[in-house]
Each structure stands twice: as structure tokens, then as C-alpha cells.
Amino acid sequence: MADATSEAGCMFCRIARGELGTPFVAESEHAVAFRDLSPQAPTHVLVVPRKHIAALRAVGEDDAPIVAGVMALAVEVARREGLLDGGGYRVVTNDGADAGQTVFHLHVHVLGGHQLAAMG
Ligand code: DGP
């Protein structure tokens with residue numbers, strides 16, 4: 001059945017396929033990057049694998065090139081946003097309810113452009 005947590009109903013799959021016309025900040029063989037709907041920092045970009053993977057816990061051994069591709073695209077986003085030569089950036093993924101995951105398609109948040117709050 002297609003619902004928000006299934007591959008069939010997955011919003012990020014639709015964005016990655018270009019079905020919603022969401023502009024990409026960057027893209028590669030394995031992943032696409034687009035701005036978060038609700039930005040928490042001057043730069044807040046989501047990097048999403050083209051393959052549907054529900055969360056970090058669902059990454060399989062065969063997915064290693066995809067995860068590497070997601071991280072490489074996160075760095076490319078930071079470079080394009082001027083964060084490598086500036087103050088730096090943070091890459092975060094939320095896995096599960098306690099972490100606040102709301103979209104069940106693996107994604108990393110690339111955050112930067114101002115002083116980020118200390119963690120923990
Ligand atoms: P989380 O699952 O908590 O790691 O964060 C999901 C993020 O995705 C949240 O910051 C809002 C963003 N988001 C949700 N739906 C859309 C959408 O349709 N388009 C865009 N650009 N961002 C979205």
C-alpha cells in the first residue's frame with residue numbers, strides 16, 4: 001500500500017525522480033541535494049540517495065557506494081555554498097522517532113552559514 005513510509009508513497013523518492021520540480025542544489029549518480037522546506041540555518045540542504053532506503057539502520061552492505069556518494073555530495077554542497085572556506089558546516093542524519101525523523105527515506109542535513117548550537 002502506498003503511504004508516507006513506503007517506497008511507493010515516498011515524497012523524497014518523488015523529489016529525487018524530479019516529479020515535483022524541486023530545484024536541485026547539486027546531484028550525482030547516487031544522490032540529489034535540495035533545500036529543506038523549513039530551514040534551520042542559512043544553509044540547510046538535504047542530501048538524499050536516489051535509491052529508497054528508509055533510514056540509516058536500513059543501509060545494507062551493498063549500499064556502501066551509495067552512502068559514500070551521499071557524503072561526497074554533502075561536501076560538494078558545502079563547497080558550493082562557500083562553507084569550506086568559511087566557518088564550516090554540520091552533517092546530521094535522524095534515525096527514528098527519538099531523533100525526530102519525520103521522512104522515512106534516508107537523508108542527511110547539511111547545515112551552516114552561522115554559528116551552530118553545540119550538541120549534547
Ligand atoms: P527529518 O526526517 O527530521 O530528518 O527531517 C526531514 C526534513 O525534510 C524536515 O526538515 C523538512 C524537510 N521536508 C519534508 N518534506 C519536504 C518536502 O517536500 N520538500 C523539502 N524541500 N523538504 C521537505
Side-chain angles (χ1 to χ4, degrees):
M1 197 179 84
D3 61 41
T5 62
S6 73
E7 183 169 356
C10 176
M11 186 67 71
F12 283 3
C13 282
R14 298 190 65 197
I15 290 174
R17 287 196 295 262
E19 290 176 9
L20 302 182
T22 306
F24 294 155
V25 174
E27 61 181 306
S28 67
E29 176 190 357
H30 289 302
V32 302
F34 53 89
R35 297 195 188 280
D36 195 289
L37 206 56
S38 177
Q40 307 297 311
T43 291
H44 187 169
V45 172
L46 303 173
V47 181
V48 169
R50 293 184 190 276
K51 176 183 175 183
H52 183 82
I53 300 171
L56 191 59
R57 72 183 70 185
V59 169
E61 281 184 24
D62 292 348
D63 295 325
I66 294 174
V67 174
V70 166
M71 298 310 269
L73 197 61
V75 176
E76 175 60 16
V77 166
R79 189 188 68 73
R80 292 187 188 191
E81 294 285 306
L83 302 174
L84 296 187
D85 299 327
Y89 61 101
R90 179 176 291 161
V91 176
V92 179
T93 192
N94 297 320
D95 184 343
D98 280 0
Q101 184 179 11
T102 58
V103 177
F104 292 86
H105 178 128
L106 177 66
H107 53 282
V108 299
H109 299 251
V110 181
L111 299 151
H114 67 188
Q115 180 69 54
L116 299 165
M119 298 181 69

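Atoms within a ligand are numbered from 1 in the order they appear, just like the ligands themselves.
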>> Check the orientation of Phe34 and Phe24. Use parallel for under 30°, tilted for 30 to 60°, and perpendicular for over 60°.
In response: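 Tilted.
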> Under the 3.5 angstrom rule, does the side chain of Arg50 hit a backbone N or O of Ile66 as a donor-acceptor pair?
Replying inline: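 No, the answer is negative, given that no donor and acceptor are paired below the 3.5 Å cut-off.
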> Listing by chain and number, which residues have a heavy atom under 4.0 Å from ligand 1?
Replying inline: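 Ligand 1 is contacted, at a heavy-atom distance under 4.0 Å, by Met11, Phe12, Ile15, Phe34, Arg35, Asp36, Leu37, Leu46, Asn94, Gly100, Gln101, Thr102, Val103, His107, His109.
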Quick one: side chains of residues 15-23, donor-acceptor pairs under 3.5 Å with protein atoms, not counting sequence neighbours, listed by atom name and distance.
residue, atom, partner, partner atom, Å
Arg17, NE, Glu19, OE2, 2.7
Arg17, NH2, Glu19, OE2, 3.3
Glu19, OE1, Arg14, NE, 3.1

> Taking only residues two or more places apart in sequence, or in another chain, which ones meet Asp36 in a side-chain hydrogen bond (donor to acceptor under 3.5 Å, both in side chains)?
Replying inline: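 For Asp36, the residues satisfying side-chain hydrogen bond (donor to acceptor under 3.5 Å, both in side chains) (neighbours in sequence not counted) are His44.
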> How close do Phe104 and His52 get, heavy atom to heavy atom, and via which atoms?
Replying inline: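 Minimum heavy-atom separation between Phe104 and His52: O-CE1, 3.3 Å.
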> Residues two or more places apart in sequence or in another chain: which of them pass side-chain contact (heavy atoms from CB on, under 4.5 Å) with Ala74?
Replying inline: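 For Ala74, the residues satisfying side-chain contact (heavy atoms from CB on, under 4.5 Å) (neighbours in sequence not counted) are Val47, Val91, Val108, Val110.
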